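Since the structure comes first, as structure tokens, the remarks are kept for the end.
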Amino acid sequence: MLVVKKFGGTSVANKERIFNVAKRCVEEYRKGNDVVVVLSAMGKYTDELIDLAQDINPRPPKREMDMLFTIGEQMSVALMAMALNHLDVPAVSLNAFQVSMHTTSAYGNARLKRIDTERIRTELENRKIVVVTGFQGINKFDDYTTLGRGGSDTTAVALAAALRADACEIYTDVDGIYTADPRLVPNARKLKGITYDEMLDLATLGAGVLHNRSVEMAKKYGVPLVVRSSLTNEEGTVVKEDVNVERMLVSGVALDRKADRVAVIGLKDEPGIAFKVFDCLAKKHINVDVILQSIGRDGTKDISFTVDDGDLEDTVAALQESRGRLSFDRIESETKIAKLSIVGAGMISNPGVAAKMFESLYNANININMISTSEIRITVLINEADGERAINAVHDAFGLAE
Ligand code: ADP
Ligand code: ASP
Ligand code: MG
């Protein structure tokens, strides 16, 4: 059996944790299994690297950021291989170059394209535990790239798919996927299972427990995932195509405090304007979510949408650049907002879910700025200061508590 195990930053934050992980891997190895370990940078090291960079240059080139980021994961894998070696188990650490993890060229937000598995296979055949850097890749210029914050999950799933692993286990600092972030909602309940689609929406809408692209990839290649704690032996949560449990009306609530709102005011009210606005953003690889267009008045209209806070500056710059083609009055942006979403496959066949969500927010005296819905999710934009109160109110209203 071949098992891919991924451990996040808190799971390898210090010597004691590194040995804890090493021992778990040795246990698997001693069962006779092939073990591939994917690691993140230790603790909050990636954040520290960002601070270090910004102290030198407030807008550092993305290529150089990726060059810097890669040392975090490289440090973890080397130390882990040393720990395994200390436990008398043969191990080898590999980075994105040594594995050949090819990505697109977009620094800071690259997508994995192809992984050469030959080196890993050879090392496994020699009965070594293979410890691989998460988060990083290489592009066609032979430069390092990174997959976006939290991207080590995606490295793990991609490796599991490429190696046709029998299991892909994501070890973290909580013991599974909950109905809401247990740090925000203390009475959140652990789920036994969740479908790829629900988890994909939750992850995209702010549930940082899994990188959204890892879920996308797991679905595409049919890799069943298990999310569990690196510190306990609790069972964890399975993410797969169809979970054989009763379809819950709402399976989770997510809060995204990193969303910013942009409004383009005074656009010409004519065909093609929305296309031009979003086309200029797409060309810069900027993801847009909740969109609202006002009804035209006096020959003009406004378009508002949300972007990730890291993309705000680029968004405004891209719109300004296209001003000749677009013609608008002004751009407004708002950073003190949050996106609150409910997700559930059971919503499709149950009317009244939206009303219930809005009622619970009304009862908590929370104002809604924008609304967006799909078959299995409802998202509202609220003031950031209301975020924690709002997620608890909605979570309670749907009876998700333990
Ligand atoms: P790692 O470093 O292991 O990748 P992350 O910090 O990326 O860990 O993800 C784990 C965190 O995700 C938890 O500590 C928890 O606060 C957060 N989280 C957000 N939403 C959820 C959820 N629905 N279920 C469980 N954890 C969640
Ligand atoms: N170290 C990277 C980050 O903090 C990748 C990861 O943890 O998955 O975003
Ligand atoms: Mg993570």
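Sequential numbering from 1 along the given sequence is applied to the chain's residues. Whatever order the structure lists ligands and atoms in, that order sets their numbers, starting from 1. Fair warning: this is a prediction, and the values are worked out from it, not measured in the lab. Keep in mind that the numbers below use all heavy atoms, side chains included, and drop hydrogens, waters and symmetry copies.
At a cut-off of 3.5 Å, with distance as the only test, a side-chain donor of T103 or T145 sits close to an acceptor on the other residue. The closest side-chain donor-acceptor pair between D66 and T146 falls under 3.5 angstrom. T195 and E198 share a side-chain donor-acceptor pair at under 3.5 Å. With 3.5 Å as the limit, one finds a donor-acceptor pair spanning the side chains of N95 and Y144. Counted by atom type alone, N33 and E28 present one or more donor-acceptor pairs between their side chains at under 3.5 Å. No hydrogens or angles considered: nothing links the side chains of R63 and N139 as a donor-acceptor pair under 3.5 Å. Looking only at atom types and distance, the side chain of Y171 has a donor-acceptor partner in the side chain of E169 under 3.5 Å away.
Residue contact check: G208 has heavy atoms under 4.0 Å from atoms 7 (O), 9 (O), 12 (O), 19 (C) of ligand 1. Using a 4.0 Å cut-off to heavy atoms of G9, the atoms of ligand 1 that qualify are 2 (O). Atoms of ligand 1 found under 4.0 Å from any heavy atom of D173 (numbered from 1 in listed order, with element): 10 (C), 11 (C), 13 (C), 14 (O). Annotation for ligand 1: atoms under 4.0 Å from non-hydrogen atoms of I177 are 24 (N). Here is the list of ligand 1 atoms found below 4.0 Å of a heavy atom in T172: 1 (P), 3 (O), 8 (O), 9 (O), 10 (C). Counting the atoms of ligand 1 from 1 in the order shown, those under 4.0 Å from a heavy atom of K6 are 4 (O).
Closest to atom 24 (N) of ligand 1 among all protein heavy atoms lies Y178 N, 2.9 Å. Atom 3 (C) of ligand 2 has R149 NE, 3.3 Å as its closest protein atom, hydrogens excluded (heavy atom only). The nearest heavy-atom contact from the protein to atom 7 (O) of ligand 2 is S40 OG, 3.1 Å. In this structure, atom 18 (N) of ligand 1 lies nearest to the protein heavy atom D181 CG, 3.5 Å. In terms of protein heavy-atom proximity, atom 27 (C) of ligand 1 is closest to V209 CB, 3.6 Å.
Between R59 and D314 there is a salt bridge, since at least one side-chain N of the basic residue sits less than 4.0 Å from a carboxylate O of the acidic one.
When only interatomic distances are considered, the shortest N/O to N/O separation between F135 and ligand 2 does not fall below 3.5 Å. Any N or O atom pair closer than 3.5 Å counts here, and T46 shares at least one such pair with ligand 2. Looking at E73 next to ligand 2, an N or O pair under 3.5 Å apart turns up.
Using a non-hydrogen distance threshold of 4.0 Å, A188 does not register as a contact of ligand 1. Heavy atoms of G150 come nearer than 4.0 angstrom to ligand 2 in at least one pair. At a 4.0 Å cut-off, not a single heavy atom of G134 sits close enough to ligand 2 to count as contact. At least one heavy atom of A180 sits closer than 4.0 Å to an atom of ligand 1. P182 counts as a contact of ligand 1, since one of its heavy atoms falls under 4.0 Å from the ligand.
In this structure, V380 and K339 have side chains that are not in contact, with every pair of non-hydrogen atoms separated by 4.5 Å or more.
The residue from S230, G43, G176, G151 that puts a heavy atom closest to atom 25 (C) of ligand 1 is G176.
For atom 14 (O) of ligand 1, a protein heavy-atom neighbour is present inside the 4.0 Å cut-off.
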